[in-house]
Amino acid sequence: MNYPETEEWPATPPRYPQANTIEDFRHNLNVVQTRIADACRRVARDPANIRLLPVSKTVDEARVRLSYAAGCRLLGENKVQEAHGKWEAMADLPDLRWSVIGHLQTNKAKLVARFATEFQALDSLRVAQALDRHLQAEGRSLDVFVQVNTSGEASKYGLPPDDVQAFMRILPTFSALRVRGLMTLALLTRDALRVRACFVLLRTLRDRLRQDTPAGIEMNELSMGMSGDFEIAIEEGATVVRVGQAIYGARSLPDSHFWPAASAWN
Ligand SMILES: *Cc1c(COP(=O)(O)O)cnc(C)c1O
């Protein structure tokens with residue numbers, strides 16, 4: 001694929017209106033699916049190979065229930081306590097499942113093992129050990145993505161790309177973890193070429209790791225792209241896009257609240 005020297009990027013970050021009804025959610029989900037389909041068409045990909053993961057962090061229970069009614073069944077949350085609270089509050093919706101997409105401290109692994117079906121931010125041996133131990137105790141297993149820091153200085157979370165291969169070789173030890181692939185957060189910048197470079201790095205790494213994946217490990221999935229940049233991620237091979245604001249509406253808290261290094265957009 002040829003990369004343009006500059007890329008079109010909105011002059012100001014879009015403000016997403018808050019979704020307050022089932023109709024709002026249906027509308028927003030349609031808009032996002034259309035954007036996914038348009039991006040797929042540009043690079044001859046099949047939209048069926050892209051999973052949309054709605055991200056419901058900071059969204060209250062009432063609005064999460066509306067999004068459920070509009071069809072959302074697996075939701076991403078970046079704070080464990082918040083996710084666990086919502087899981088408990090909505091236990092009456094047995095087919096609503098939870099994906100933890102934010103950094104995990106070892107002492108919260110027990111909570112994740114209890115309720116989550118997916119964890120996308122695995123970046124340390126200690127967390128892998130703790131999760132595996134608690135999952136064994138619960139008789140559960142967990143889909144996991146290894147988080148990679150593709151942006152250098154911008155985030156303190158995620159493994160450096162050069163460390164992922166050695167880390168991957170250890171993961172078969174943890175039989176309750178079903179390793180699916182890699183996850184990243186791109187640089188939070190207005191410079192679309194630098195965003196794209198993060199996604200290219202993750203795909204290139206995945207392609208290299210796939211050559212000698214240990215037994216029991218899958219290295220197929222690429223979780224990359226959010227409300228502002230998921231089209232670029234799809235063009236570069238994303239199989240999961242994590243989309244919050246374009247579905248639920250703009251958050252009042254700036255991104256720097258969630259990722260300490262994120263300031264470029266705020
Ligand atoms: C919040 C969040 C997202 C979604 O970001 P939006 O701008 O709401 O689409 C994606 N990934 C992670 C890790 C997040 O914390």
(message) Counting neighbours of NE2 on His27 that are heavy atoms of other residues, nucleotides or ligands and sit closer than 6.0 Å, is the number greater than 12?
(response) no
(request) Give the C-alpha distance, both sets of side-chain angles, the deciding distance and a yes or no for side-chain hydrogen bond (donor to acceptor under 3.5 Å, both in side chains) between Thr106 and Gln129. (result) CA-CA 9 Å; Thr106 316; Gln129 277 165 338; over 6 Å; no
(message) Pairing donors with acceptors under 3.5 angstrom, does anything connect the side chains of Asn220 and Arg210?
(response) yes
(message) Once side-chain hydrogen bond (donor to acceptor under 3.5 Å, both in side chains) is applied, what residue pairs with a partner in residues 46-55 remain, sequence neighbours excluded?
(response) Arg51-Glu118
(request) Working to the nearest 0.5 Å, report the span between CG of Leu201 and OG1 of Thr184. (result) 7.5 Å
(request) Output all residues satisfying ring-ring contact (aromatic ring centres under 6.0 Å, His included) with His84, sequence neighbours left out; order by chain, then residue number. (result) Trp87, Phe115
(request) Apply side-chain hydrogen bond (donor to acceptor under 3.5 Å, both in side chains) to Asn107 and list each qualifying residue two or more places apart in sequence or on a separate chain. (result) none
(request) Taking the side chain as every heavy atom from C-beta outward, state whether Val100 and Asn78 have any pair of such atoms under 4.5 Å apart. (result) no
(message) Any carboxylate oxygen within less than 4.0 angstrom of a Lys/Arg side-chain nitrogen, looking at Asp24 and Arg63?
(response) no
(message) Using a 4.5 Å cut-off between side-chain heavy atoms of Ile, Leu, Val, Met, Phe, Trp and Tyr, which other residues end up in the same hydrophobic cluster as Ile101?
(response) Leu53, Val55, Leu74, Phe145, Met183, Val240
(message) Do the side chains of Arg35 and Asp38 get close enough for a salt bridge, i.e. N-O under 4.0 angstrom?
(response) no
(request) Given side chain to side chain contact (heavy atoms under 4.5 Å, CB included), test Lys79 with Lys57 step by step and report yes or no. (result) CA-CA 8 Å; Lys79 295 212 159 78; Lys57 68 186 185 207; over 6 Å; no
(message) Please enumerate all residues that pass salt bridge (charged side-chain N to carboxylate O under 4.0 Å, His left out) together with Asp212, with sequence neighbours excluded.
(response) Arg169
(request) Fit a plane to each ring of His103 and Tyr157, take the angle between them on a 0 to 90° scale, and name the class: parallel (under 30°), tilted (30 to 60°) or perpendicular (over 60°). (result) parallel
(request) Report the hydrophobic cluster partners of Val31, with the cluster defined as I, L, V, M, F, W, Y residues connected by side-chain heavy atoms closer than 4.5 angstrom, directly or transitively. (result) none
(request) Look at atom CZ of Arg126 and say whether more than 12 heavy atoms of other residues, nucleotides or ligands are closer to it than 6.0 Å. (result) no
(message) Do the side chains of Glu235 and Arg196 get close enough for a salt bridge, i.e. N-O under 4.0 angstrom?
(response) yes
(message) Please report the interatomic distance CD(Glu77) to CD(Glu82), rounded to the nearest 0.5 Å.
(response) 4.5 Å
